[in-house]
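Just so it is clear, the model here is predicted, and its values are computed rather than measured. Throughout, a chain's letter reflects where its sequence line sits, starting with A, and its residues are numbered from 1.
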Amino acid sequence: MPKNERVWKFYPGCSITEGFGTDYQISNANVLHELNNEIHFLDDWNCCGAVYLSNYSGGHEASVALGALNLAKATQQNANLFVGCSECYRKLLRSKYFFNTDPKLHAEIEDFLKEDNMKVDSDIEIEHLLDYYRLTIGLDNIKKAIKIPLKGIRLYPYIGCLFTRPNSYHKDNKYRHSNPEHPTELNEFLDVLSADVTHSNYLTECCGASCVLTKDEMSNSMLNNIFSDANDFNADAIITVCPMCKFNLDSRQSKIKLKRKIPILQFTQILGLAMELPPKKLGLNTNITTIKPLLNKIQYIKQVQKGEETKYSEEVEYD
Amino acid sequence: MISADVIEFQKKVMSYPNTENLMACVNCGTCTASCPSSDFMSYGPRAMIRGIITGNIDEVRKSEDPWRCVQCFMCEIKCPRDVKPVYIMMALKEIAVTENKPEELKNLVRKEKKLLKIFAKQIKKSGRISEFHTALAYKGLLGSAKEMDLGLDLLLTGRIKIKDAMKYGLTFGQAAETKMPNPEARDQVRRLMERFYTFGD
Amino acid sequence: MIRSSYKDKIHPNKNIGVFVCKCGHNIAEYIDVQEVVDEVKKDEVVKIAVFDEHTCSLAGQQRIKDAIKEYNLDAVVISACSPKVHEGTFQKCIKEAGLNESMLSISNIREQCSWAHGHGKKTDTAPITEKAIDVTKMGIERAKYLTPLEERFTDVVTHAVVIGGGIAGIQAALDIANSGYKVTLIEREASIGGKMAKFNKVFPTNDCSACILTPKMNEVAENQNIRLLTLTEVLDFKGSIGDFTVTVNKKARYVTDACTFCDTCSQWCPIKIPNPFNMDMDNRKAISRVFESAVPARYYIEPDYCTKLLKDKCGACKIKCPVDAIDFTMQDELEDIKAGAVIVATGFKAYEPINELTHLNYGNSKNIITLLTSERLLAANGCSGGELWRPSDMTIPNSIAFVLCVGSRDEQVNFEACSRACCMATIKNASLVKERYPDTNIAIFYIDIRTFGKGYEEAYIRAQKLGIRFIKAKPASVRVKPGTESVIVEYEDFLTPQGMKPVRKEEFELAVYATGMRPADGAVELGHMLGLSTDKYGFFMEAHPKLRPVDSTVDGIFLAGTCQYPKDIPDTVAQSSGAAAKVINLFSKGQIKAEPAWAQIPKELCSGCRTCETVCPYNAIHMTQENGKMYAEVNPNLCKACGLCSATCPTGIINAPSYCDEALYAQIQLAFR
């Protein structure tokens, strides 16, 4: 079948499906439904290898092979992949990169896949969910679906370290054009919501999610940097694109001393709010750090925009 | 006089991928200053590289610093000489685990191996992983109890259902495992892991 | 036919001498020269074959001269380095021994054999030697058919064109003009002066830049031998050494020579535009001067903004001008300028880390500026009247971070070179600020301080004694502090003693980036037009990095200043004077030796098909008519004897001497025997 007839399929990953990132998937599904976009999942997807199977300690071959197996399944189902989790995204790109550049590993993996009559098309496209929204759905279509332009809401973009790096994996990725340190993708997306996007000094710094189990003091110091920067910019919310970043930022605010707690939202969730979806449909009820101040502010803006006489109220219904 | 050991060690480090520019370091400190975990390192990436070049390889071998690297690749994109310190840290880690095995790092390596084993076992068994299970299995019952407040938060917000939590608790987290629904596909992942994964056993 | 008969033709030269060079280790390390000599001796025409340590040495040349006389040689084969290096040497040598200069064939066994296959690595020498033997034998085949050619000379147009009116161009033009030759100085902007006119003071002595530059600019204006063309760009370029044609576009200035520089027009002009001379920090009018000591001392109108020119509205300047110097009817003019030599002095532009090096956040804060901007802030004729403001709120900063090596010595932006002037320029500006405001906290972040020139180290020591902190670190990030418009610099100091904390965050109220030099806008395009080679950064290549640093890769075109490589002002001026001396040298001879070989077309055999006319890359062939018959004629002054016409001529009658068909076929036959 010609390659341009490939369909886009969603590779969810463990974290979104069953782990700490379920709210991401709930909001994604509901927002996509609202945008008249059906999600097709990649059938029989398996774990990408995650952070722990990495370049060292014998994990290199296994993690490339696990990713290649997913790509083989995509080939079988004639699909391109879009990925919600930044770590899965990097791992799949990494598998593709090494599969295409390391001939020895390439041969071994092909040999393994042959047992099950599978093969990998080396040009399968892998796209992050954010890029799927921006490019495949299109910012124009998103703009049309927005009911409450978030004017005056100060959003602090935080992309995390996995989205753009290492740069070498992204070289043949046509969806990646911007800078590895200050990518503009999330800012472009948030601009469509008419929000006040603040500058972010820690846009792609690590949040420490990978070391939270083993060395949580390191994670705390990284989080502290991010939160104090967001606080300096008077952010109403921090917007993330990765389930692990989100959970880490959200759940650990009580562990570190902060001047002010800041709501953490996935980009799909803030989009859902701008599209006037009820918070429960966006999984926002599972947020650990309270998001009430943000919801109040959005409610207030909504009433102002509709010209209703109102006062800034503290109480808002969740759904 | 620089000893033969040192030269051999330098060559060994440079035999790992993306480490070939090791000796080109100009000591500008960009890597250490941009490293999010350098506050928790005793030397930092620049000093580790300096140690390899000047010959302080005993200190380098024993250092825990490579384990503090979170692989965010920030140093790689900023280095003016394209030294790629992150890959040098990975190489040092690999060398410590596979060859030197210094006493000082014994505990650390054991901890790391434990986590890796939990992971590998899960993937072999079910093809996917569960974060709850990993956390519970790694921290143990006592360790998890310290994180009680977080657990409570999770319960209160509905991210964990009460009945699931009971189940997790009673089975020490075993019940939290996520399985791939298709047994054939699961078996394929197991075969893959058996063939490609060689560490830890 | 001539082509089919080459085999039967008997070669004219029967006595040939072969001289193989060892070139120290360069050739002898990879090529067995004894074997080469033994092998070529087998040919009966070779009367003598010897090798020397250095054939180009006086002793080696004497041996050639002796051999020519002893064996009565017809032609000489030199098996050594590239003809580019020593062709002239050996031509002179055989001429002194009584042979015609053209009876020389050079086989290149250094660049094309030993260096190409063996240089720098241990390899088997046998195959390299074999190739060297083949190459030498092909040289012998060519030598067999060489014919003596007449020496030719052409006149040099004793008029020079200097492209670029910065300090490099000014110095070169003055040097040439003062030795009595005419010069045309071409400048793209409305005034000469270039980057140096923007500088406040110059290192290491911290004397005023304008005080030393302005007299030179005025000298240009007054010198009778210099024709100054401002607002002029090079459009086209033709010709060769001694006879170039430079086509320029002289843009309309809309202000005539009558202008008295009184500023009335500018005061009445309603259009405000950013002033690039002050790095866009203030405004100027659509009719303005570049700066107060501009040369030529005339105002000019920016046609992209003037409403009179765009929409035929306004015209206030024309009404108010007391001497009626405004002329809106002026048009751009094209002009061909004949020149015997050209000096390229297009200078540099300061790098700006836009969309690159994003950890430095350039462009995200007004208080992150480049070194050139700080020059304009410190200069008395700048927008701040000489106070080093913070651009955000126009207050004097209490702390300043100078960051060196931004965009140079950095593989992340593919610029590994050192920009050479930034260390000293930074030290100078930091010292000036510290002297004026002694309480300012100044830190200079460096990888290495390079104070190589005369008096530079002294300036460095003085800066340290003034209390400026030198920190050996490249900032990992310069973050914008919200609200205060300050920046936070994060760095690890290499020299921090053990036990102290090397990684630090420090807040500064102003950050100044010493950005590297890049070739000026349009320099690469100009290089293409002129046929100059450029290096990977776009700087023009010199003919030889050590021995011909002012010659470009094209004969008759010379380089001056930062268009060749980043330089400071003393080096730039030295190179400009060197380039001027080369031009004067060329002009004083009056004549240059022309290529003796040129394509010859027997007019009685020419069918007039015009094939050669279309293929000639030098426009040397033109059709002529005689007695009603068309035939092709070659202009020997333009012909380079490339042989294209000879190869394409369907009747095969065009003869390119020194590369005649017979010799080429003989060489090919030998190579593929």
Side-chain angles (χ1 to χ4, degrees), chain A residues 14-15 17-23 43-47 49-59 61-66 69 73 108-109 112 115-116 160-162 165-168 180-181 204-206 208 210-211 213-215 217-218 221-222 225 247 251-252 254-255 285-288, chain B residues 17-18 36-37 39-40 67-68 70-74 76-78 86-87 90-91 93-94 97-98 111-113 115-116 119-120 122-123 127-132 134-135 138-139 149-150 153-154 156-159 176 178 180-182 184-186 188-189 191-193 195-200:
Chain A
C14 312
S15 181
T17 313
E18 200 70 27
F20 295 129
T22 39
D23 54 332
D43 295 332
D44 289 335
W45 59 271
N46 56 268
C47 173
V51 212
Y52 299 94
L53 289 188
S54 183
N55 293 35
Y56 64 96
S57 311
E61 287 83 4
S63 75
V64 174
L66 282 169
L69 185 58
K73 285 166 185 165
E108 235 178 281
I109 292 171
F112 172 79
E115 292 171 23
D116 300 279
C161 59
L162 301 168
R165 295 199 294 266
N167 210 11
S168 50
E181 200 199 349
T204 58
E205 303 266 333
C206 177
S210 64
C211 59
L213 275 179
T214 45
K215 290 159 281 239
E217 75 282 2
M218 265 163 55
S221 114
M222 296 172 201
N225 284 337
F247 183 72
S251 66
R252 297 197 76 81
S254 52
K255 300 263 173 189
N285 49 340
T286 63
N287 263 28
I288 292 162
Chain B
N18 298 326
S37 45
D39 280 356
F40 300 89
W67 274 268
R68 308 274 172 196
V70 288
Q71 294 185 22
C72 69
F73 291 84
M74 197 57 117
E76 189 209 3
I77 60 166
K78 287 185 184 175
V86 56
Y87 289 99
M90 287 182 206
K93 196 150 48 169
E94 179 85 43
V97 172
T98 56
K111 263 169 97 179
E112 194 86 2
K113 274 191 177 176
L115 189 61
L116 283 172
F119 245 87
Q122 268 193 89
I123 297 181
R128 292 177 192 172
I129 53 174
S130 156
E131 285 159 352
F132 293 111
T134 313
Y138 178 76
K139 290 263 176 184
D149 48 346
L150 177 60
D153 278 343
L154 291 173
L156 287 176
T157 56
R159 210 178 267 248
T178 323
M180 284 168 76
N182 181 349
E184 272 173 38
R186 215 159 56 211
Q188 194 184 15
V189 176
R191 278 187 284 123
L192 183 145
M193 287 299 282
R195 176 156 173 183
F196 288 95
Y197 193 63
T198 48
F199 177 74

Do you know which two heavy atoms are closest between [X] and [Y], and how far apart they sit?
X	Y	result
E108(A)	R195(B)	O-NH2, 3.6 Å
A62(A)	L192(B)	O-CD2, 4.1 Å
T204(A)	R165(A)	O-NH2, 2.8 Å
R128(B)	C14(A)	CB-SG, 3.8 Å
S251(A)	I288(A)	CB-CD1, 3.8 Å
A65(A)	I109(A)	CA-CD1, 3.9 Å

Which atoms of [X] come close to chain A, meaning under 4.5 Å heavy atom to heavy atom: side chain ones, backbone ones, both, or neither?
X	value
I77(B)	side chain
E76(B)	side chain
R68(B)	both

E115(A), part contacting chain B, at a heavy-atom distance under 4.5 Å: side chain

May I ask you to name which of K78(B), R186(B), M74(B), E184(B) has the most heavy-atom pairs under 4.5 Å with chain A? M74(B)

Looking at A91(B), S37(B), P17(B), which makes the most heavy-atom pairs under 4.5 Å with chain A? S37(B)

May I ask you to name which of G208(A), S15(A), G160(A) has the most heavy-atom pairs under 4.5 Å with chain B? S15(A)

